[in-house]
Amino acid sequence: MTTLSKPVPPALENSEPDNSSPTNPGQWRNIRFEVLESVEDLPSFNSVVVEFLQLCRKEFYSAQDFEKVICKDQALVARLLKIANCGLFGRSRSVHSIPEAVVLIGLDNLKKIVYAVSSQGIMCSNLMHYDYHPDRGFWIHAMAVGQAAQILSEVCPESGLRPEESFVSGLLHDVGKLVLDKFLGPGPHNSANREVEQMAVGLDHCELAGLILKQWNIPETITGPVRHHHDFQSGEPWKTEAAILSLARGVCREWGVGYEKPHDLSREIHHSRFSAEMEVVGLGESEWDEVVWNLRQSLGKLEEIFSNI
Ligand SMILES: [Fe+2]
Ligand SMILES: [Fe+2]
């Protein structure tokens with residue numbers, strides 16, 4: 001581990017690039033090395049998620065296949081059953097097993113809870129240099145973008161991802177910030193952007209997310225769009241999927257999900273705000289209102305999951 005002192009990043013918001021900030025490529029190389037070491041120190045992501053992704057790529061799979069995967073992790077099963085019994089899903093009787101949970105609350109709900117629980121430990125961090133709400137904002141933003149990406153991929157026939165894969169790509173799109181936050185140095189607790197990240201450590205959260213996801217054995221179908229969620233136009237061959245992510249995160253941002261408490265799903269969003277993304281994903285202006293309505297409904301349901309975990 002190098003003992004190099006870290007350069008101070010430029011002021012974090014609404015600032016011009018600070019030309020006096022680290023310009024020495026050697027310094028960046030050393031910090032980059034430290035960042036990459038930190039990636040290796042990250043706890044591994046729950047293997048259940050990786051196995052879910054492998055299953056959903058298969059031509060045929062059943063609820064029992066998912067049950068078998070979940071049951072490999074008994075701690076996860078215990079938490080799932082606790083959440084399934086918390087009154088969230090309006091059932092008349094209690095749930096005692098995963099097969100029962102599949103029948104009573106549905107496989108899709110169960111999978112959402114698995115994703116929420118699996119990501120909670122790693123993603124419930126309070127990031128110092130980003131403007132998420134201190135009360136679990138980063139994790140809530142991640143889950144919301146996952147949910148929105150899933151809904152959008154269902155209405156976008158051009159998407160090469162299964163809706164479930166889109167969910168996971170949204171869930172993990174900003175994971176690079178978890179590592180970078182520790183390297184942005186002292187400074188205003190505000191909103192770092194990719195430029196600030198580049199100035200401070202020589203790489204941004206998109207590039208870093210690609211490395212983290214590779215380490216976690218997340219397939220390239222998800223890693224590719226994540227790497228390009230801020231520059232989908234140059235994201236071939238993942239341009240469409242990256243545009244879906246860009247649209248999903250943009251809509252969640254407009255509603256303040258993960259940034260404001262309470263957030264506001266009733267806020268109007270004009271389609272012109274996202275015309276570039278809509279063109280790439282093949283979404284017409286006439287479809288916008290219905291898509292936004294679906295997003296509101298599904299994010300509203302997700303809120304109930306947050307409040308019960
Ligand atoms: Fe984001
Ligand atoms: Fe991002």
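All ligand and atom numbering here is 1-based and tracks the order in the structure.
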Report task. For the pair Arg253 and Asp131, find out whether any cationic side-chain nitrogen is under 4.0 Å from an anionic carboxylate oxygen. Result ->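 The answer is yes: the pair qualifies as a salt bridge.
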
Query raised in the report: Quick one: do Arg194 and Glu207 make a salt bridge, cutoff under 4.0 Å?
Result: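 No, no charged N to carboxylate O under 4.0 Å.
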
Report task. Kindly compute the distance separating CD1 (Ile212) from NE2 (His205), expressed to the nearest 0.5 Å. Result ->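 Ile212 atom CD1 to His205 atom NE2 measures 10.5 Å (nearest 0.5 Å).
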
Query raised in the report: When Glu254 is tested against each of Arg273, Arg249, Arg267 for salt bridge (Lys or Arg N to Asp or Glu O under 4.0 Å), which residue passes?
Result: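 In the set Arg273, Arg249, Arg267, the residue that makes a salt bridge (Lys or Arg N to Asp or Glu O under 4.0 Å) with Glu254 is Arg273.
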
Requested in this report: Sort by chain and number the protein N/O/S atoms found under 2.8 Å from the Fe ion (ligand 1).
Outcome: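 Protein N, O or S atoms closer than 2.8 Å to the Fe ion (ligand 1): His141 NE2, His173 NE2, Asp174 OD2.
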
Query raised in the report: Has Glu158 got more than 12 heavy atoms of other residues, nucleotides or ligands less than 6.0 Å from its CD?
Result: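 Counting neighbours around CD of Glu158, 12 or fewer heavy atoms of other residues, nucleotides or ligands fall under 6.0 Å, so no.
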
Query raised in the report: With a cut-off of 2.8 Å, does His230 place any N/O/S atom under that distance from the Fe ion (ligand 2)?
Result: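 Here the distance criterion (N, O or S atom, under 2.8 Å) is met by His230, so yes.
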
Requested in this report: Would you please indicate if the ring centroids of His263 and His141 are separated by under 6.0 Å?
Outcome: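 Not under 6.0 Å, so no.
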
